[in-house]
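See below for the structure under consideration.
These numbers come from a predicted model, not from an experiment.
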Protein chains: 2
Amino acid sequence: MRTIGEAAKASGVSAKMIRHYESIGLLPKVQRTGAGYRLYDESEVHALRFIHRARSLGFPLETIRQLLALWRDRRRSSAVVKKLATAHVADLETKITEMQSMVKTLKHLAHHCHGDERPDCPILEDLAGDNANAETCRHL
Amino acid sequence: MRTIGEAAKASGVSAKMIRHYESIGLLPKVQRTGAGYRLYDESEVHALRFIHRARSLGFPLETIRQLLALWRDRRRSSAVVKKLATAHVADLETKITEMQSMVKTLKHLAHHCHGDERPDCPILEDLAGDNANAETCRHL
DNA sequence: CTTGACCTTCCAATGATTGGAACCTCCATC
DNA sequence: GATGGAGGTTCCAATCATTGGAAGGTCAAG
(Lines give C-alpha, C1' and ligand atoms only; values in the text may rest on other atoms or scores of the structure.)
Protein backbone atom coordinates (compact mmCIF):
# COMPACT_ATOMS: atom_id res chain seq x y z
CA MET A 1 0.00 0.00 0.00
CA ARG A 2 1.36 3.37 -1.01
CA THR A 3 0.44 6.92 -0.26
CA ILE A 4 -0.50 9.17 -3.15
CA GLY A 5 3.01 10.59 -3.39
CA GLU A 6 4.52 7.14 -3.66
CA ALA A 7 1.91 6.11 -6.21
CA ALA A 8 2.74 9.27 -8.15
CA LYS A 9 6.44 8.43 -8.24
CA ALA A 10 5.75 4.83 -9.14
CA SER A 11 3.36 5.71 -11.97
CA GLY A 12 4.66 8.96 -13.38
CA VAL A 13 1.30 10.64 -12.76
CA SER A 14 1.47 13.61 -10.39
CA ALA A 15 -0.44 13.44 -7.11
CA LYS A 16 -2.43 16.42 -8.29
CA MET A 17 -3.50 14.56 -11.40
CA ILE A 18 -4.27 11.36 -9.51
CA ARG A 19 -6.75 13.27 -7.34
CA HIS A 20 -8.14 14.92 -10.43
CA TYR A 21 -8.61 11.63 -12.26
CA GLU A 22 -10.41 10.31 -9.25
CA SER A 23 -12.64 13.39 -9.07
CA ILE A 24 -13.77 13.00 -12.67
CA GLY A 25 -14.38 9.29 -12.19
CA LEU A 26 -11.57 8.06 -14.38
CA LEU A 27 -10.29 6.16 -11.36
CA PRO A 28 -12.41 4.55 -8.66
CA LYS A 29 -12.24 5.94 -5.15
CA VAL A 30 -9.48 4.19 -3.28
CA GLN A 31 -9.10 3.04 0.28
CA ARG A 32 -8.32 5.66 2.93
CA THR A 33 -6.44 5.60 6.22
CA GLY A 34 -8.19 6.71 9.36
CA ALA A 35 -6.81 10.19 8.76
CA GLY A 36 -8.23 10.28 5.24
CA TYR A 37 -5.00 9.59 3.35
CA ARG A 38 -5.50 7.74 0.05
CA LEU A 39 -3.88 4.31 -0.20
CA TYR A 40 -2.96 2.66 -3.49
CA ASP A 41 -2.32 -1.01 -4.04
CA GLU A 42 -0.35 -2.52 -6.88
CA SER A 43 -3.30 -2.89 -9.24
CA GLU A 44 -4.25 0.77 -8.78
CA VAL A 45 -0.70 1.88 -9.48
CA HIS A 46 -0.84 -0.33 -12.55
CA ALA A 47 -3.91 1.54 -13.78
CA LEU A 48 -2.09 4.82 -13.17
CA ARG A 49 0.81 3.65 -15.30
CA PHE A 50 -1.70 2.65 -17.97
CA ILE A 51 -3.13 6.15 -17.96
CA HIS A 52 0.31 7.69 -18.00
CA ARG A 53 1.34 5.69 -21.03
CA ALA A 54 -1.93 6.40 -22.82
CA ARG A 55 -1.56 10.12 -22.16
CA SER A 56 1.99 10.02 -23.52
CA LEU A 57 0.49 8.65 -26.73
CA GLY A 58 -1.86 11.60 -26.80
CA PHE A 59 -5.10 9.77 -26.06
CA PRO A 60 -7.75 12.10 -24.62
CA LEU A 61 -9.06 11.19 -21.18
CA GLU A 62 -12.45 10.14 -22.51
CA THR A 63 -10.78 7.61 -24.79
CA ILE A 64 -8.58 6.47 -21.94
CA ARG A 65 -11.73 5.88 -19.95
CA GLN A 66 -12.88 3.49 -22.68
CA LEU A 67 -9.45 1.89 -23.00
CA LEU A 68 -9.38 1.23 -19.27
CA ALA A 69 -12.79 -0.41 -19.46
CA LEU A 70 -11.64 -2.58 -22.35
CA TRP A 71 -8.46 -3.46 -20.54
CA ARG A 72 -10.52 -4.70 -17.60
CA ASP A 73 -12.96 -6.56 -19.81
CA ARG A 74 -11.64 -10.03 -20.55
CA ARG A 75 -14.33 -10.49 -23.20
CA ARG A 76 -13.35 -7.37 -25.14
CA SER A 77 -12.75 -7.59 -28.85
CA SER A 78 -9.42 -6.25 -30.05
CA ALA A 79 -11.32 -4.67 -32.95
CA VAL A 80 -12.81 -2.07 -30.61
CA VAL A 81 -9.41 -1.20 -29.20
CA LYS A 82 -7.93 -0.96 -32.65
CA LYS A 83 -10.75 1.30 -33.77
CA LEU A 84 -10.06 3.71 -30.90
CA ALA A 85 -6.38 3.74 -31.72
CA THR A 86 -6.77 4.28 -35.44
CA ALA A 87 -9.34 7.04 -34.87
CA HIS A 88 -6.81 8.74 -32.60
CA VAL A 89 -4.12 8.36 -35.24
CA ALA A 90 -6.45 10.03 -37.73
CA ASP A 91 -6.98 12.92 -35.31
CA LEU A 92 -3.26 13.30 -34.83
CA GLU A 93 -2.59 13.21 -38.54
CA THR A 94 -5.20 15.87 -39.20
CA LYS A 95 -3.58 18.15 -36.67
CA ILE A 96 -0.12 17.40 -37.96
CA THR A 97 -1.18 18.29 -41.48
CA GLU A 98 -2.70 21.55 -40.32
CA MET A 99 0.40 22.50 -38.41
CA GLN A 100 2.67 21.55 -41.27
CA SER A 101 0.70 23.85 -43.51
CA MET A 102 1.14 26.66 -41.01
CA VAL A 103 4.85 25.99 -40.82
CA LYS A 104 5.16 25.99 -44.57
CA THR A 105 3.45 29.36 -44.90
CA LEU A 106 5.33 30.89 -42.00
CA LYS A 107 8.70 29.70 -43.24
CA HIS A 108 7.95 31.12 -46.64
CA LEU A 109 7.00 34.47 -45.15
CA ALA A 110 9.96 34.53 -42.78
CA HIS A 111 12.26 33.68 -45.64
CA HIS A 112 11.19 36.84 -47.43
CA CYS A 113 11.50 39.00 -44.33
CA HIS A 114 14.78 40.85 -44.03
CA GLY A 115 14.73 40.64 -40.26
CA ASP A 116 16.63 43.87 -39.80
CA GLU A 117 15.93 47.29 -38.29
CA ARG A 118 13.71 48.35 -41.18
CA PRO A 119 9.92 48.24 -40.79
CA ASP A 120 9.11 46.58 -44.12
CA CYS A 121 7.85 43.12 -43.35
CA PRO A 122 6.16 40.55 -45.59
CA ILE A 123 4.89 38.72 -42.52
CA LEU A 124 2.85 41.68 -41.33
CA GLU A 125 1.79 42.38 -44.89
CA ASP A 126 0.41 38.87 -45.16
CA LEU A 127 -1.43 39.12 -41.85
CA ALA A 128 -2.83 42.49 -42.85
CA GLY A 129 -3.97 40.99 -46.14
CA ASP A 130 -2.61 44.02 -47.95
CA ASN A 131 0.03 42.13 -49.84
CA ALA A 132 0.08 43.19 -53.47
CA ASN A 133 1.29 39.81 -54.63
CA ALA A 134 -1.19 37.64 -52.79
CA GLU A 135 -1.32 35.02 -55.51
CA THR A 136 2.42 34.58 -55.36
CA CYS A 137 2.53 34.38 -51.61
CA ARG A 138 -0.65 32.62 -50.58
CA HIS A 139 -0.61 29.41 -52.52
CA LEU A 140 2.82 28.11 -51.72
CA MET B 1 -20.01 51.54 -39.95
CA ARG B 2 -21.04 47.95 -39.36
CA THR B 3 -22.74 46.13 -36.54
CA ILE B 4 -20.87 43.32 -34.85
CA GLY B 5 -22.60 40.70 -37.00
CA GLU B 6 -21.56 42.46 -40.18
CA ALA B 7 -18.02 42.91 -38.89
CA ALA B 8 -18.00 39.21 -38.06
CA LYS B 9 -19.00 38.23 -41.58
CA ALA B 10 -16.55 40.67 -43.10
CA SER B 11 -13.63 39.48 -40.99
CA GLY B 12 -14.26 35.80 -40.42
CA VAL B 13 -14.16 36.30 -36.64
CA SER B 14 -17.39 35.35 -34.86
CA ALA B 15 -19.32 38.05 -33.02
CA LYS B 16 -18.77 36.06 -29.87
CA MET B 17 -15.03 36.16 -30.36
CA ILE B 18 -15.01 39.85 -31.27
CA ARG B 19 -16.63 40.66 -27.92
CA HIS B 20 -14.19 38.33 -26.22
CA TYR B 21 -11.17 39.93 -27.86
CA GLU B 22 -12.43 43.29 -26.75
CA SER B 23 -12.96 42.06 -23.20
CA ILE B 24 -9.38 40.83 -22.89
CA GLY B 25 -8.03 44.05 -24.37
CA LEU B 26 -6.81 42.58 -27.63
CA LEU B 27 -9.05 45.10 -29.38
CA PRO B 28 -9.84 48.62 -28.20
CA LYS B 29 -13.39 49.44 -27.19
CA VAL B 30 -15.31 50.60 -30.21
CA GLN B 31 -17.97 53.20 -30.75
CA ARG B 32 -21.53 52.39 -29.66
CA THR B 33 -24.96 53.42 -30.88
CA GLY B 34 -27.37 55.04 -28.48
CA ALA B 35 -28.79 51.60 -27.78
CA GLY B 36 -25.35 50.22 -26.92
CA TYR B 37 -24.73 48.37 -30.18
CA ARG B 38 -21.07 48.16 -31.17
CA LEU B 39 -20.08 49.86 -34.43
CA TYR B 40 -17.03 48.92 -36.45
CA ASP B 41 -15.33 51.04 -39.06
CA GLU B 42 -13.12 49.78 -41.85
CA SER B 43 -9.87 49.98 -39.87
CA GLU B 44 -11.37 47.96 -37.03
CA VAL B 45 -12.60 45.31 -39.44
CA HIS B 46 -9.11 45.31 -40.90
CA ALA B 47 -7.66 44.54 -37.47
CA LEU B 48 -10.18 41.72 -37.10
CA ARG B 49 -9.07 40.22 -40.40
CA PHE B 50 -5.48 40.54 -39.18
CA ILE B 51 -6.34 38.57 -36.08
CA HIS B 52 -8.26 36.00 -38.08
CA ARG B 53 -5.34 35.39 -40.40
CA ALA B 54 -2.87 35.25 -37.51
CA ARG B 55 -5.05 32.72 -35.69
CA SER B 56 -5.26 30.61 -38.83
CA LEU B 57 -1.47 30.48 -38.75
CA GLY B 58 -1.68 29.23 -35.18
CA PHE B 59 -0.30 32.30 -33.42
CA PRO B 60 -1.41 32.46 -29.79
CA LEU B 61 -3.39 35.53 -28.79
CA GLU B 62 -0.55 36.96 -26.73
CA THR B 63 1.70 36.89 -29.76
CA ILE B 64 -1.06 38.39 -31.88
CA ARG B 65 -1.25 41.21 -29.36
CA GLN B 66 2.42 41.91 -30.03
CA LEU B 67 2.00 41.52 -33.77
CA LEU B 68 -0.86 44.01 -33.76
CA ALA B 69 1.28 46.50 -31.86
CA LEU B 70 4.11 46.02 -34.33
CA TRP B 71 1.73 46.38 -37.24
CA ARG B 72 0.59 49.73 -35.88
CA ASP B 73 4.13 50.87 -35.13
CA ARG B 74 5.64 52.48 -38.22
CA ARG B 75 9.06 52.46 -36.56
CA ARG B 76 9.02 48.72 -35.90
CA SER B 77 11.97 46.60 -36.95
CA SER B 78 11.12 43.62 -39.11
CA ALA B 79 13.63 41.66 -37.01
CA VAL B 80 11.21 41.62 -34.08
CA VAL B 81 8.37 40.37 -36.25
CA LYS B 82 10.58 37.71 -37.76
CA LYS B 83 11.68 36.60 -34.32
CA LEU B 84 8.07 36.10 -33.22
CA ALA B 85 7.31 34.14 -36.37
CA THR B 86 10.33 31.87 -36.17
CA ALA B 87 9.74 31.21 -32.48
CA HIS B 88 6.21 30.18 -33.38
CA VAL B 89 7.51 27.93 -36.13
CA ALA B 90 9.81 26.29 -33.59
CA ASP B 91 6.84 25.70 -31.27
CA LEU B 92 4.85 24.17 -34.09
CA GLU B 93 7.72 21.94 -35.15
CA THR B 94 8.21 20.68 -31.63
CA LYS B 95 4.55 19.73 -31.42
CA ILE B 96 4.60 18.17 -34.86
CA THR B 97 7.57 16.02 -33.92
CA GLU B 98 5.88 14.87 -30.74
CA MET B 99 2.71 13.96 -32.57
CA GLN B 100 4.59 12.18 -35.32
CA SER B 101 6.28 10.07 -32.69
CA MET B 102 2.89 9.17 -31.23
CA VAL B 103 1.56 8.28 -34.67
CA LYS B 104 4.57 6.11 -35.37
CA THR B 105 4.14 4.14 -32.16
CA LEU B 106 0.38 3.84 -32.54
CA LYS B 107 0.59 2.69 -36.12
CA HIS B 108 3.12 0.07 -35.14
CA LEU B 109 0.90 -1.19 -32.35
CA ALA B 110 -2.24 -1.13 -34.49
CA HIS B 111 -0.41 -2.98 -37.21
CA HIS B 112 0.21 -5.85 -34.81
CA CYS B 113 -3.36 -5.86 -33.52
CA HIS B 114 -5.62 -8.38 -35.20
CA GLY B 115 -8.63 -6.16 -34.79
CA ASP B 116 -11.08 -9.02 -34.56
CA GLU B 117 -13.43 -10.42 -31.97
CA ARG B 118 -10.63 -11.90 -29.88
CA PRO B 119 -9.45 -10.08 -26.74
CA ASP B 120 -5.69 -10.36 -27.36
CA CYS B 121 -4.43 -6.88 -28.10
CA PRO B 122 -0.88 -5.56 -28.38
CA ILE B 123 -2.21 -2.02 -27.96
CA LEU B 124 -3.61 -2.73 -24.51
CA GLU B 125 -0.54 -4.76 -23.68
CA ASP B 126 1.65 -1.78 -24.47
CA LEU B 127 -0.47 0.59 -22.42
CA ALA B 128 -0.48 -1.85 -19.52
CA GLY B 129 3.30 -2.12 -19.80
CA ASP B 130 3.02 -5.88 -19.50
CA ASN B 131 4.29 -6.64 -22.97
CA ALA B 132 6.87 -9.40 -22.87
CA ASN B 133 8.73 -8.04 -25.87
CA ALA B 134 9.00 -4.44 -24.73
CA GLU B 135 12.39 -3.94 -26.36
CA THR B 136 11.04 -5.02 -29.70
CA CYS B 137 7.94 -2.86 -29.46
CA ARG B 138 9.04 0.24 -27.60
CA HIS B 139 11.94 1.55 -29.61
CA LEU B 140 10.48 1.62 -33.05
C1' DC C 1 -48.27 45.64 -32.04
C1' DT C 2 -46.26 41.50 -32.71
C1' DT C 3 -42.72 38.66 -34.69
C1' DG C 4 -38.15 37.58 -35.62
C1' DA C 5 -33.50 38.75 -36.17
C1' DC C 6 -30.19 40.99 -34.04
C1' DC C 7 -27.85 43.04 -30.17
C1' DT C 8 -26.46 43.32 -24.97
C1' DT C 9 -24.27 41.15 -20.53
C1' DC C 10 -23.06 37.40 -17.63
C1' DC C 11 -22.05 32.75 -16.42
C1' DA C 12 -20.44 28.29 -17.59
C1' DA C 13 -18.40 24.58 -20.02
C1' DT C 14 -14.83 22.45 -22.88
C1' DG C 15 -9.61 19.62 -22.08
C1' DA C 16 -5.64 18.77 -19.28
C1' DT C 17 -2.93 20.58 -16.08
C1' DT C 18 -1.05 23.48 -12.58
C1' DG C 19 -0.87 26.65 -8.65
C1' DG C 20 -2.02 28.21 -4.29
C1' DA C 21 -4.41 28.81 0.19
C1' DA C 22 -5.84 26.89 4.42
C1' DC C 23 -5.74 23.12 6.98
C1' DC C 24 -4.57 18.32 8.95
C1' DT C 25 -1.25 14.39 10.07
C1' DC C 26 2.67 11.82 10.69
C1' DC C 27 7.33 11.21 12.19
C1' DA C 28 11.68 12.60 13.89
C1' DT C 29 14.38 15.42 16.68
C1' DC C 30 15.38 18.48 20.63
C1' DG D 1 5.98 17.02 25.18
C1' DA D 2 6.75 20.63 21.90
C1' DT D 3 8.23 21.81 17.44
C1' DG D 4 9.28 21.54 12.64
C1' DG D 5 9.02 19.79 8.20
C1' DA D 6 7.33 16.85 4.77
C1' DG D 7 3.43 15.28 3.00
C1' DG D 8 -1.40 14.60 3.02
C1' DT D 9 -6.48 16.87 2.56
C1' DT D 10 -10.08 20.12 0.18
C1' DC D 11 -11.48 23.86 -2.62
C1' DC D 12 -10.94 27.57 -5.75
C1' DA D 13 -8.73 29.57 -9.60
C1' DA D 14 -5.89 30.15 -13.62
C1' DT D 15 -4.19 28.70 -18.10
C1' DC D 16 -5.73 28.82 -23.68
C1' DA D 17 -9.30 29.64 -27.20
C1' DT D 18 -13.76 28.97 -28.07
C1' DT D 19 -18.57 28.00 -27.69
C1' DG D 20 -23.14 27.71 -25.60
C1' DG D 21 -26.96 29.41 -23.26
C1' DA D 22 -30.02 32.36 -20.46
C1' DA D 23 -32.32 36.65 -19.81
C1' DG D 24 -33.14 40.74 -21.64
C1' DG D 25 -33.07 45.07 -24.85
C1' DT D 26 -33.61 47.00 -29.84
C1' DC D 27 -34.88 47.41 -34.50
C1' DA D 28 -37.17 46.57 -38.78
C1' DA D 29 -40.93 44.64 -41.41
C1' DG D 30 -45.47 42.92 -41.70
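At distances below 3.5 Å, at least one donor-acceptor pair connects side-chain atoms of B:Thr86 with backbone N or O atoms of B:Lys82.
The aromatic rings of B:Trp71 and B:His46 lie perpendicular to each other, with more than 60° between the two planes, well past the 30° mark.
Summarising the geometry, the separation between CG on B:Leu39 and P on C:dC6 is reported as 16 Å, rounded to the nearest angstrom. Atom NE2 in B:His20 sits roughly 15 Å away from atom P in C:dC11 (whole-Å rounding). Atom pair B:Leu61:CG and D:dT18:C1' shows a separation of 10 Å (rounding to whole Å applied). Here the P atom of nucleotide D:dT19 and the CZ atom of B:Arg55 are 10 Å apart, to the nearest Å. In this structure, A:Lys9 places its NZ atom 10 Å from C1' of D:dG7, rounding to the nearest Å. Separating the CD atom of B:Glu62 from the P atom of D:dT18 is a distance of 13 Å, rounded to the nearest angstrom. Distance, A:Ile51 CD1 to C:dG15 C1': 15 Å, rounded to whole Å. Atom CE of A:Met1 and atom C1' of C:dC26 are 19 Å apart (whole Å).
At a threshold of 4.0 Å, the pair B:Glu98-B:Lys95 does not count as salt-bridged, since none of the basic side-chain nitrogens sits closer than that to a carboxylate oxygen.
You'll find that the side chain of A:Pro60 is closest to C:dA16, out of D:dT19, C:dA16, D:dG8. For A:Tyr21, the listed nucleotide lying nearest its side chain is C:dT17; candidates were C:dT17, D:dG8, C:dT8.
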Quick one, A:Glu117 with B:Arg75, criterion salt bridge (Lys or Arg N to Asp or Glu O under 4.0 Å). Give me CA distance, side-chain angles, the key distance, then yes/no. CA-CA 9 Å; A:Glu117 77 289 347; B:Arg75 288 167 317 188; over 6 Å; no

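Side-chain contact annotation: A:Ser77 with B:Asp116, donor-acceptor N/O pair under 3.5 Å absent.
In terms of phosphate contacts, A:Arg19 brings no side-chain nitrogen or oxygen within less than 4.0 Å of OP1 or OP2 of D:dG7. At C:dC7, one or more side-chain N or O atoms of B:Thr3 fall inside 4.0 Å of OP1 or OP2 (strictly under the cut-off). Phosphate contact (OP1/OP2 of D:dT10, side-chain N/O of A:Arg32, threshold under 4.0 Å): present.
Nearest-nucleotide assignment on DNA chain D puts the 5′-proximal partner with A:Lys16, out of B:Met17 and A:Lys16.
Among the protein residues, B:Thr33 comes within range of no part of the nucleic acid, since none of its heavy atoms lies under 4.0 Å from any strand.
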